[in-house]
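The structure appears right after this line, and notes come after that.
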Amino acid sequence: MKFQVVETVQAMRDAARQCRINAGPLGLVPTMGALHEGHGALVRQSAGECGTTVVSVFVNPTQFNDPEDLRLYPRNLESDLELCERWGADIVFVPSVEEMYPDEPLTGVEVRGITEHLCGAFRPGHFRGVATVVAKLFNIVQPDRAYFGQKDAQQLAVIRQMVRDLNFPVEVRSVPTVREADGLAMSSRNSRLSPQHRSLAPRLFQALRAVADLAAAGERDAAQLRQRGIALLDHENIKVEYFEVVHADTLQPAGRLDRDVLIAAAIWLGGVRLIDNILLSGSS
Ligand code: AMP
């Protein structure tokens, strides 16, 4: 199939309908563009498993709680299209804001509980924006499978919950975090780091790893692990927004590590916010 770029909801619906008839299962990879190898892993997995792969590139304004973050969010459509084609995508859906939100929407998808902690506690409205735009994309593209990165573990949990609660006929697939050689999780926002902040950025994953190692060595007290993580990130140029140990299923704070937990953190380096996490099985 010839690589296509589609800009309107109607053209996307028409193209997806044709592909579902002609090419079997359809995979969707929702993104905000400024694509990197992390996105590449999602697209390649979809291309390997589905007859058609659709990548959406849409910087969704409703999930930004900070207008400055929206304004500065990196955009690079030309390179995004080249990468999508190289990774094996068939269709790139690039709607404008007006196309996605022609009128002020009065409807939204709110996922409670799992959004109370971690990023949800610091980014009011963020996950409502995410869940709502993903629900719209699911209705427009009607994919059989949708691919999300483990890097955004809370987002993945929100989408899984929404799919269960609202009976979306979509299989949600998660893809492990792709990292730079020094461990930093790839992120579109990394390009905004100053050289000095870039050199500090790997400390986030190092701290998560050190805490995961402590847990693997037998430390079962989440408060101890949390304290250790915060101490490891103590630096005049790093602001820790949160460092939490939560149950992997509910994303509620853990007391003791008696089942699977997610160790997750968010830090600020200058004006750039970075997140990362490690999933730990209860038996490790
Ligand atoms: P974004 O464009 O940042 O909204 O991300 C789009 C999708 O790519 C989300 O499902 C992310 O979790 C996923 N993603 C972003 N960075 C990475 C990474 N380093 N490794 C794996 N998946 C990622």
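We count ligands from 1, going down the list as the structure has it; atoms in each ligand are counted the same way.
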Indicate yes or no: at least one non-hydrogen side-chain atom of Ile230 is less than 4.5 angstrom from one of Leu233. no
With a 4.5 Å limit on heavy-atom distance, are the side chains of Val54 and Val29 in contact? no
Sub-4.0 Å atoms of ligand 1 with respect to non-hydrogen atoms of [X]:
X      : result
Met186 : 16 (N), 17 (C), 18 (C), 19 (N)
Phe148 : 10 (O)
Thr31  : 2 (O), 6 (C)
Asp152 : 11 (C), 12 (O)
Lys151 : 16 (N), 17 (C), 19 (N)
Gln155 : 9 (C), 10 (O)
Pro30  : 6 (C), 7 (C)

Restricting to non-hydrogen atoms, name the atom on Asp249 and the atom on Ile114 that form the minimum distance, rounded to 0.1 Å. O-CG2, 4.0 Å
Measure across Phe3 and Ala89 and return the closest heavy-atom pair with its distance rounded to 0.1 Å. CD1-O, 3.5 Å
Got a salt bridge between [X] and [Y], using NZ or NE/NH1/NH2 to carboxylate O under 4.0 Å?
X      : Y      : value
Asp182 : Arg198 : yes
Arg112 : Glu110 : no
Glu85  : Lys2   : no
Arg173 : Glu49  : yes

Would you please indicate yes or no on a ring centroid separation below 6.0 angstrom for Phe93 and Phe58? no
Under 4.0 Å, heavy atoms only, figure out whether ligand 1 is touched by the backbone of [X], its side chain, both or neither.
X     : result
His39 : side chain
Leu42 : side chain
Met32 : both

State if [X] counts as touching ligand 1 under the rule of any non-hydrogen atom under 4.0 Å.
X      : result
Ala34  : no
Arg179 : no
His36  : yes

for atom 20 (N) of ligand 1, nearest protein heavy atom and its distance come out as Val178 N, 2.9 Å
Tell me: protein heavy atom nearest atom 10 (O) of ligand 1, and distance? Gly149 N, 2.9 Å
Side chain or backbone, does Ala185 bring an N or O within less than 3.5 Å of an N or O on ligand 1? no
For ligand 1, which is the ligand I care about here, please tell me if Tyr147 has any N or O atom under 3.5 Å from one of the ligand's N or O atoms. no
If the test is side-chain contact (heavy atoms from CB on, under 4.5 Å), which one of Leu208, Leu257, Asp260, Val211 qualifies with Leu280? Leu257
Ser194 and His197: side chain donor to acceptor below 3.5 Å: yes
